[in-house]
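Heads up, the thing below is written out as structure tokens.
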Amino acid sequence: MYVPDDTIAAVATPPGPGGIGIVRISGPDAATTAQAIVQRTSPLEPRLATVTVVVAGEESQPLDRVLATYFPAPKSYTGEDVVEISAHGSPVLLRRIVELAVGAGARLAEAGEFTLRAFVNGRIDLVQAEAVRDLINAVTPLQARAAFDQLEGTITAPISEIESALFDLVVRLEASIDFPEEGYHFVDADEAGISIRQLIERTEQLLVDAQRGRLIREGSQIVVLGKPNVGKSTLFNRLLGSPRAIVTKVAGTTRDLLAETLDLNGIPITLVDTAGIRSTGDAIESEGVRRAKAALKVARMVIVVLDRSRPLEKEDAELIADTATLTRLLVINKTDLPPAWTEVEGNRGTALDNGDNAISVSLLEDSPDAATRVFAAITKTLLAGEELRDPPAITNLRHIELLEQAQGALLRAADAADAKSPEEFLLSDLVDAQRALGAVTGQRTPDDVLNRIFSEFCIGK
Ligand code: GDP
């Protein structure tokens, strides 16, 4: 992939006012560019935070007292010469500093360009670049942990080990093919089969947590259904009143429906309140119904709220029947009031089943217990009984799919070795596995995939 090697500059801190704001300059002329816009005339010393003043114009009008740090290549974030200027976090000031840097010869950085350069210069691999993005965007501490672990190499290291074992095997197989008269001299079929199965085992170890990992990285939507007055808003308030509510909006959640985000044992979940899925003639409600149905399509789970203090009606029965095939939790609410039906009687005339995943609760009770119990029931339903432990190694669907491809190719290779097939067959499967693994770390990733990944960053990252 072609990456220009000019000098780039951008504000690296988030938009809006803040205590500190940082302008980052990277490229061969980073030091001279920085030098041109600060008062200090002697060169910035490597890795030493230096107090100086940013100046503008012919008269060298002082703009702000700043801290400038010079990181010479290759030991910098991008692998190039980098200067970071920490100024007061004023958006106008920071923009002005970037303009001055541009005036001194730098170019405005594109989104993700600093991290792209770090990748191209071999400072980090693609998994780590993606981990930077995930860490920046994390909304739960567990997401941040998983991303940081990946940045530290929890995926990179095992994949490199698998790759190097694979490389060794491929080289030996190629040698056997190049010198056919030697037969299996360079690699014995049984031995190859054993080595390949060990590699399959290692990909398996990486993939074991994959589904949970995805859940942590991507989060999950839960749609809350129930007829009016059963306690849906109360459920929302109960859950959102807990310390697990996340103020940050998770990208990609359904808009226009009342949606709130919670940290459920590290999984960011978006609770979506709907207008109900009943068909209706009312135009505005129909729009609500349409959105609710759309939300249900992407939801991983539904919560159906029922009111135990009032007899179940046709509408309840329909909701129960309509959601029967989904991952569902029934919240049987208002247990503080005299019951109009019991969980067992509820069967009659409804699709309620004794085996249903249900929790009886009084959401009105002002005890944290109700929220805790509902949280526990949601977690259990969401994870289908699986435990949520430490951050799983792998969380990114792109990695999961490529590792599964690699594993598939390795399985074919193992079978070929068992069947004592010609080396060519084995070799072609092993090369497929190599290609898939290389795409994870970015050694063999097509440019369009790289472009997509880096375009998900924002400017200054
Ligand atoms: P929604 O229409 O489904 O959102 O229902 P709301 O959450 O607005 O609740 C409807 C009414 O039921 C309100 O007056 C709530 O205070 C009341 N309510 C909710 N949960 C309970 C409960 O557990 N016990 C009792 N007694 N009342 C409740």
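Read the numbers this way: they start at 1 and go in the same order the structure lists the ligands and their atoms.
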Look only at the side chain of [X] and the backbone of [Y], and say whether a donor-acceptor pair between them is shorter than 3.5 Å.
{"X": "Asp432", "Y": "Ala409", "value": "no"}
{"X": "Gln128", "Y": "Asp125", "value": "yes"}
{"X": "Trp341", "Y": "Ser309", "value": "no"}

Note the single closest protein heavy atom to [atom], along with its residue, its atom name and the distance in Å.
{"atom": "atom 19 (C) of ligand 1", "answer": "Thr234 OG1, 3.3 Å"}
{"atom": "atom 5 (O) of ligand 1", "answer": "Gly231 N, 3.0 Å"}
{"atom": "atom 4 (O) of ligand 1", "answer": "Ser233 OG, 2.6 Å"}
{"atom": "atom 12 (O) of ligand 1", "answer": "Lys334 NZ, 3.0 Å"}
{"atom": "atom 2 (O) of ligand 1", "answer": "Asn229 N, 2.7 Å"}
{"atom": "atom 22 (C) of ligand 1", "answer": "Leu364 CB, 3.3 Å"}

Contact check: Leu363 vs ligand 1, nitrogen or oxygen atoms, below 3.5 angstrom =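 Yes - when backbone and side-chain N and O of Leu363 are compared with those of ligand 1, one distance drops under 3.5 Å.
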Given Ser362 and Thr335, is the side-chain hydrogen bond (donor to acceptor under 3.5 Å, both in side chains) satisfied, shown in steps?
-> CA-CA 5 Å; Ser362 168; Thr335 54; 4.7 Å; no
Using a 4.0 Å heavy-atom threshold (strictly under), name the region of [X] that reaches ligand 1: side chain, backbone, both or neither.
{"X": "Asn333", "answer": "side chain"}
{"X": "Pro228", "answer": "backbone"}
{"X": "Asp336", "answer": "side chain"}
{"X": "Leu337", "answer": "side chain"}

Counting only heavy atoms not in Arg310, do more than 12 fall under 6.0 Å of its CZ?
->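 Counting neighbours around CZ of Arg310, 12 or fewer heavy atoms of other residues, nucleotides or ligands fall under 6.0 Å, so no.
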Does the side chain of Thr115 come under 3.5 Å of the side chain of Tyr77 through a donor N or O and an acceptor N or O?
->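 Judged by distance alone, the side chains do pair up.
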Any chance the side chains of Gln150 and His399 put a donor and an acceptor closer than 3.5 Å?
->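 Judged by distance alone, the side chains do not pair up.
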Please indicate, with yes or no, if any protein heavy atom is found under 4.0 Å from atom 14 (O) of ligand 1?
->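 Protein heavy atoms within 4.0 Å of atom 14 (O) of ligand 1 - there are none.
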Contact bool for atom 10 (C) of ligand 1 (protein heavy atom, d < 4.0 Å) =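 Within 4.0 Å: yes, protein heavy atom nearby.
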Does Arg47 count as lying over the ring of Phe71, i.e. NZ or CZ under 6.0 Å from the six-ring centre, within 45 degrees of the axis?
->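 Relative to the ring axis of Phe71, which defines the angle, Arg47 lies outside at least one limit.
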Quick one: closest heavy-atom pair of Ile196 and Ala413, and the distance?
->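 In terms of heavy atoms, the two residues are closest at CD1-CB, 3.9 Å.
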